[in-house]
Amino acid sequence: MRPARTSLFHPKARAVLAASALLLAAGCAAGGSISIPLTPAAPDINAYPPMPKGAPPGASARAEAAAKALGRGVNFGNMLEAPTEGAWGVSVTDDVIDKAAAAGFASVRLPVRWSNHAGAEAPFTIDPAFMTRVESIVDKLLAKNLVVVLNMHHYRQLDGDALDAGEAKVADALVDVRFVMLWEQIAARFKSKGDRLVLELYNEPHGRMNGEPWNVLAARALGVVRKSNPERPVVIGPTHWNSAGDLAQLKLPNDANLIVTVHDYNPFPFTHQGAEWVTPVLPLGVTCCSAAQVADMTAPLDVAKSWAAAKRYPVYVGEFGAYSKADEASRVTFNRTMRDAIESRGMTWAYWEFAAGFGVYDPVKLAFEAPLTCGVSVVRVTLPAPFLSSTFRMRNLTFGATPRLAALEDSAPDPPMVPAMCVPCPYSSVGVEVANERPLRKS
Ligand code: GLC
């Protein structure tokens with residue numbers, strides 16, 4: 001069972017560890033000595049100074065290009081950020097990699113719970129088998145020409161949250177330095193990957209990270225990432241679960257190769273109805289999307305757009321989505337509305353998520369959930385016979401007399417991104433069939 005998203009912040013007294021180990025040698029009547037085993041010296045977080053902040057220069061052309069290349073993406077959620085892979089029902093199989101690529105997604109965001117696969121004491125070594133597993137997945141995704149956003153997700157103690165079953169507690173005084181030293185290892189391991197790999201420091205900082213603690217820790221972590229990856233684009237998001245409303249408090253380090261992320265799950269009573277990890281569980285039966293709901297969905301996007309214009313950093317909406325307990329027609333409308341709202345504000349996105357409770361793909365049937373996919377994917381469509389001899393318009397698409405993709409014209413601002421879906425939804429009403437056998441053109 002997944003823990004509550006709305007868990008309250010309970011400030012914790014921070015134990016202070018002695019900076020140096022204790023060694024007692026006591027003489028005794030017999031003239032001998034006793035020694036108490038050494039406790040390894042606690043690493044000093046000040047060995048990882050925060051990068052200077054307060055004058056971020058705005059994004060480099062490299063960061064702008066990376067943000068654009070993220071395009072339309074999808075999260076491989078509930079896979080590697082579960083306490084262990086498979087514990088939440090889905091794994092990163094070759095099938096999901098193949099299908100995500102074939103569906104035409106430009107990028108995959110890969111959430112990873114590094115904290116449950118690393119030592120509890122310095123030097124907090126990441127389990128080599130787990131590191132190799134993550135690297136092999138990243139390599140497979142890159143080989144499919146996908147852009148990959150590799151993050152750190154669900155380091156529960158960092159936010160002051162309760163641990164999931166089976167997780168080992170770390171001494172309170174070590175939690176933050178462990179975060180930085182995990183990044184030191186991850187960044188070193190992935191430093192030779194090409195430009196299509198982007199790193200994201202932390203998913204949805206909240207709780208004890210809210211406010212200045214996150215600004216300082218992010219600047220420390222970026223400092224260690226920059227030692228091995230001087231120019232790789234890095235994603236940083238604001239606190240309160242990557243809320244656009246917290247962008248005003250986000251203090252970016254003075255670094256040009258940054259992309260900023262926000263998450264948008266508005267309207268929460270719709271997107272998270274019945275979600276077991278939200279306390280209290282929200283009632284079912286909420287539909288979408290009224291004018292008031294659309295205003296709720298787009299308000300954070302407007303905040304992000306204004307912030308991006310003022311600060312000159314690109315914004316990536318790393319998560320939006322609606323849980324499967326909402327009705328399907330509403331989810332399709334929600335997905336399409338969000339996609340269009342994000343793109344019309346010049347931002348790129350990743351749908352939450354591919355193959356679990358919010359998923360667009362059924363990993364058992366090995367098939368896309370066609371109506372849902374039509375909202376967020378760029379799947380190739382084949383027109384059925386009744387449409388072959390005619391031309392019709394739907395939104396900004398024109399279909400000619402042929403069922404092949406070549407017949408599809410795109411008047412969207414970014415021609416290489418072909419929004420080949422929703423003709424109209426649900427597919428069953430027009431008999432359009434989804435074919436995923438080969439990828440669309442990608443930017
Ligand atoms: C956040 C959480 C993830 C959850 C999603 C939707 O990304 O980290 O576990 O499924 O939001 O609630």
Side-chain angles (χ1 to χ4, degrees), residues 1-7 9 73-92 107-116 149-165 167 179 200-210 214 235-246 261-282 284 286 288 296-297 300 316-326 331 334-335 338 349-361 363 372 376:
M1 188 54 63
R2 306 174 56 188
R5 181 193 186 94
T6 53
S7 59
F9 169 45
V74 70
N75 279 277
F76 273 12
N78 286 25
M79 298 177 187
L80 295 172
E81 94 281 15
T84 53
E85 187 180 4
W88 285 349
V90 281
S91 303
V92 186
S107 61
V108 166
R109 181 169 176 263
L110 190 64
V112 181
R113 190 183 303 219
W114 296 99
S115 58
N116 203 33
V149 180
L150 176 63
N151 86 352
M152 187 181 300
H153 213 100
H154 290 328
Y155 181 1
R156 298 287 190 201
Q157 280 186 263
L158 194 69
D159 303 298
D161 287 344
L163 293 173
D164 284 339
E167 286 194 291
F179 174 81
E200 179 179 335
L201 293 184
Y202 192 54
N203 178 68
E204 299 190 344
H206 61 273
R208 68 180 279 277
M209 278 295 109
N210 282 335
W214 173 238
V235 177
I236 301 181
T239 44
H240 282 103
W241 292 277
N242 291 151
S243 295
D246 277 27
T261 191
V262 297
H263 293 178
D264 185 357
Y265 282 106
N266 289 356
F268 205 72
F270 166 70
T271 63
H272 279 69
Q273 59 191 288
E276 299 81 359
W277 61 98
V278 173
T279 309
V281 174
L282 298 168
L284 302 181
V286 182
C288 196
D296 194 24
M297 291 150 70
Y316 163 60
V317 181
E319 292 188 20
F320 72 93
Y323 194 41
S324 53
K325 294 201 174 174
R331 292 175 72 203
F334 169 85
N335 288 351
M338 281 298 289
W349 51 262
Y351 180 72
W352 184 268
E353 36 64 35
F354 191 65
F358 290 62
V360 291
Y361 180 73
L372 272 181
V376 294

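Both counts, for ligands and for their atoms, begin at 1 and track the order of listing. Computed from a predicted structure; not experimentally measured. All values below come from the heavy atoms of this structure, side chains included, with hydrogens, waters and symmetry mates left out.
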Quick one: which ligand 1 atoms are inside 4.0 Å of a heavy atom on W277?
10 (O), 12 (O)
Taking NZ, NE, NH1 and NH2 as the nitrogens, is one of them in E81 or R109 under 4.0 Å from a carboxylate oxygen of the other?
no
E353 near ligand 1, heavy-atom distance under 4.0 Å?
no
Please determine whether any non-hydrogen atom of W241 lies less than 4.0 Å from an atom of ligand 1.
no
Any H263 heavy atom less than 4.0 Å from ligand 1:
no
Heteroatom proximity flag, H153 to ligand 1, N/O under 3.5 Å
yes
Report yes or no: does N242 contribute a side-chain atom to a donor-acceptor pair with the main-chain N or O of P238 at less than 3.5 Å?
yes
For D296, which residues count as a side chain to side chain contact (heavy atoms under 4.5 Å, CB included) partner, sequence neighbours excluded?
N266, P267
With sequence neighbours excluded, what pairs up with H153 under the ring pair (Phe, Tyr, Trp, His ring centres under 6.0 Å) test?
W352
State the atoms of ligand 1, each with its element, that fall below the 4.0 Å cut-off from a heavy-atom position in Y265.
5 (C), 6 (C), 11 (O)
Are any of the N or O atoms of E81 closer than 3.5 Å to those of ligand 1?
no
N203 heavy atoms, cut-off 4.0 Å: which ligand 1 atoms fall inside?
7 (O), 8 (O)
Parallel under 30°, tilted from 30 to 60°, perpendicular over 60°: which one fits the rings of H272 and F268?
parallel
F320 and Y351: aromatic ring centres closer than 6.0 Å?
yes
